[in-house]
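One structure below.
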Protein chains: 2
Amino acid sequence: MIDSADQLVAAIRARKGRVTPQRRVILRHVQRLHGHFTAERLLAEVEPDLPGVSLPTVYATLDLFEDVGLVRRVVGLGGAEVYDSRPEPHHHLVCRSCGAVADLNAAGVDTEGVLGSAARTGFHPEEATLVVLGTCAVCARSQD
Amino acid sequence: MIDSADQLVAAIRARKGRVTPQRRVILRHVQRLHGHFTAERLLAEVEPDLPGVSLPTVYATLDLFEDVGLVRRVVGLGGAEVYDSRPEPHHHLVCRSCGAVADLNAAGVDTEGVLGSAARTGFHPEEATLVVLGTCAVCARSQD
DNA sequence: CTTTTTGCAAATGATTTGCATTAAC
DNA sequence: GTTAATGCAAATCATTTGCAAAAAG
């Protein structure tokens, strides 16, 4: 897993890419956010350090980071794409009302078993994640 | 659960809605499809029986059917919204390449336990579904 | 110098909204 | 007759694409 600028540089060089200031700064902020975010949110975060960055650059960079295993796209419910800077598969709580995504640390899923059943249907499974739909504490309070 | 036109009529009347030919025909096709579909696909399906139906009507009707528990929106990965005419929560295989959604009948998930953990975080869980990401048989064959 | 990456503007695709008309009740 | 639902056109939102200019190697 990539967790330093040096490792990012190595990964980029390995794929004959170029190490740009944008990529360095976006890396820093992705790591600092350490959670779930949309491209739009990341742009806002990065903007002060990189005046004039564009959304297409943020998207392109997130694609690169995804290829390299630095972030993963989270399975969500419509709306904007949510990225996660925790690259191991894990479970999520998704709020139906505001779309917020949170991690859930819970046992209770036999991942290997599930992947096995999936494979037996002819599907080529990569990962199994559990999604709990419901209402987050904030939205529940403001009577949803 | 609603599984006949009569029950749909009752549910619509209960909410002071109106029983239109569009709603009847769309119900028939949703039941006939008995699986996963997008609004666009459903429109194509329904069009021959209802010349001139509009996409907004299909969306509005799907919203109604969702409220009434006839269909559910499936947790997916970007792309078009996928609806499911199987209203009980169940697990899904989602193809990263073509977006296809299939059901997975697998044990291995302690739903109650997971909902409990979710509730303990202050979240108000409604349902827990497992999503297996990977490549479907068709896409795998055409070397993804 | 060569090739990738950037930023901009415009395109795309899915879903939603506004509104006048039609049709349920 | 009233009021909700429809169809159309236009709006919106997130993401992607095309392309010329800038910059990395």
Side-chain angles (χ1 to χ4, degrees), chain A residues 5 8-27 36-44 46-47 49-68 71 73-83 96 98-101, chain B residues 5 8-27 29 36-44 46-68 71 73-83 96 98-101:
Chain A
L8 176 66
V9 169
I12 290 177
R13 293 257 155 77
R15 42 169 48 228
K16 301 178 201 293
R18 291 175 185 183
V19 180
T20 63
Q22 287 84 335
R23 290 176 173 181
R24 287 186 187 278
V25 173
I26 294 175
L27 171 66
H36 308 98
F37 53 88
T38 61
E40 200 86 50
R41 175 75 173 16
L42 181 56
L43 175 71
V46 149
E47 174 90 82
D49 289 6
L50 274 177
V53 231
S54 66
L55 215 23
T57 297
V58 172
Y59 278 109
T61 306
L62 284 169
D63 276 1
L64 169 69
F65 285 7
E66 200 185 7
D67 277 5
V68 158
V71 302
R73 258 198 274 262
V74 167
V75 169
L77 208 60
E81 213 71 66
V82 173
Y83 294 82
R96 275 201 157 119
C98 69
V101 176
Chain B
L8 176 67
V9 169
I12 290 176
R13 292 257 154 77
R15 42 168 52 226
K16 300 179 202 295
R18 291 176 185 182
V19 180
T20 62
Q22 286 85 335
R23 291 177 172 181
R24 287 186 188 278
V25 173
I26 294 174
L27 171 67
H29 285 277
H36 308 100
F37 53 88
T38 61
E40 200 86 48
R41 175 76 175 11
L42 181 56
L43 175 70
V46 149
E47 175 91 81
D49 288 7
L50 274 177
V53 230
S54 66
L55 215 24
T57 297
V58 172
Y59 278 110
T61 306
L62 284 170
D63 275 2
L64 169 69
F65 285 7
E66 202 186 5
D67 276 6
V68 158
V71 302
R73 257 198 277 261
V74 168
V75 170
L77 209 60
E81 213 70 66
V82 173
Y83 294 82
R96 275 202 157 118
C98 69
V101 175

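Per chain, numbering begins at 1; letters A, B, ... match sequence-line order.
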Which residues satisfy the side chain to side chain contact (heavy atoms under 4.5 Å, CB included) test with A:F65, sequence neighbours excluded?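 Residues passing side chain to side chain contact (heavy atoms under 4.5 Å, CB included) with A:F65: A:L8, A:I26, A:L27, A:V30, A:T61, A:L70, A:V71.
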
Tell me: [atom1] of [X] to [atom2] of [N], nearest whole Å?
X     : N      : atom1 : atom2 : answer
B:L50 : D:dA5  : CG    : P     : 16 Å
A:Y83 : D:dA14 : OH    : P     : 13 Å
A:F37 : D:dA14 : CZ    : P     : 16 Å
A:R15 : D:dG25 : CZ    : C1'   : 17 Å
B:L77 : D:dA14 : CG    : P     : 17 Å
B:L42 : C:dA14 : CG    : P     : 15 Å
A:R24 : D:dG25 : CZ    : P     : 8 Å
B:K16 : D:dT3  : NZ    : P     : 13 Å

C:dA23, OP1 or OP2 - any side-chain N/O from B:Q22 closer than 4.0 Å?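 The answer is no; no side-chain N or O of B:Q22 sits under 4.0 Å from OP1 or OP2.
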
Phosphate OP1/OP2 of C:dA24: any B:R23 side-chain N/O under 4.0 Å: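 Indeed not, no polar side-chain atom of B:R23 lies that close.
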
Show the distances under 3.5 angstrom between N or O atoms of the protein and N or O atoms of nucleotides 20-23 of chain D.
none

Check against side chain to side chain contact (heavy atoms under 4.5 Å, CB included), B:E47 and B:V25: CA-CA 10 Å; B:E47 175 91 81; B:V25 173; over 6 Å; no

Using a 4.0 Å heavy-atom cut-off, does B:G79 contact any base of the nucleic acid, only the sugar-phosphate backbone, or nothing at all?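 It contacts nothing in the nucleic acid.
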
Base, sugar-phosphate, or nothing: which does B:G78 touch, judged by heavy atoms less than 4.0 Å apart?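 No contact at all - B:G78 keeps every heavy atom at 4.0 Å or more from the nucleic acid.
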
Looking at five pairs on each end of the helix from C:dC1-D:dG25 to C:dC25-D:dG1, what is the angle between the two axes, given to 10 degrees?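 It works out to 30° between the end axes.
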
Which residue in the set A:L62, A:V101, A:V74 passes side chain to side chain contact (heavy atoms under 4.5 Å, CB included) when paired with A:F37?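 Passing option: A:L62.
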
Run through B:L50, B:V58, B:T38, B:T57 and flag the one making a side chain to side chain contact (heavy atoms under 4.5 Å, CB included) with B:L43.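 Option passing the side chain to side chain contact (heavy atoms under 4.5 Å, CB included) with B:L43: B:V58.
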
In residues 11-23 of chain B, what donor-acceptor pairs under 3.5 Å come from side-chain atoms, sequence neighbours left out?
unit_1 : atom_1 : unit_2 : atom_2 : d
B:T20  : OG1    : B:R23  : N      : 3.2
B:R23  : NH1    : B:R18  : O      : 2.9

Residues in ring pair (Phe, Tyr, Trp, His ring centres under 6.0 Å) with B:H36, at least two apart?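 Per chain and number, B:H36 pairs via ring pair (Phe, Tyr, Trp, His ring centres under 6.0 Å) with B:H92.
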
Considering non-hydrogen atoms only, spot the tightest contact between A:R24 and A:A5 and give its length.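 A:R24 and A:A5 have their closest heavy atoms at NH1-CB, 4.2 Å.
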
So which of residues 54-66 of chain A are in contact with DNA chain C, with a heavy-atom cut-off of under 4.0 Å?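 Contacts with DNA chain C under 4.0 Å: A:S54, A:P56, A:T57.
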
Residue whose closest nucleotide on DNA chain C lies nearer the 5' end, B:G17 versus A:T20: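 Between the two, 5'-proximity favours A:T20.
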
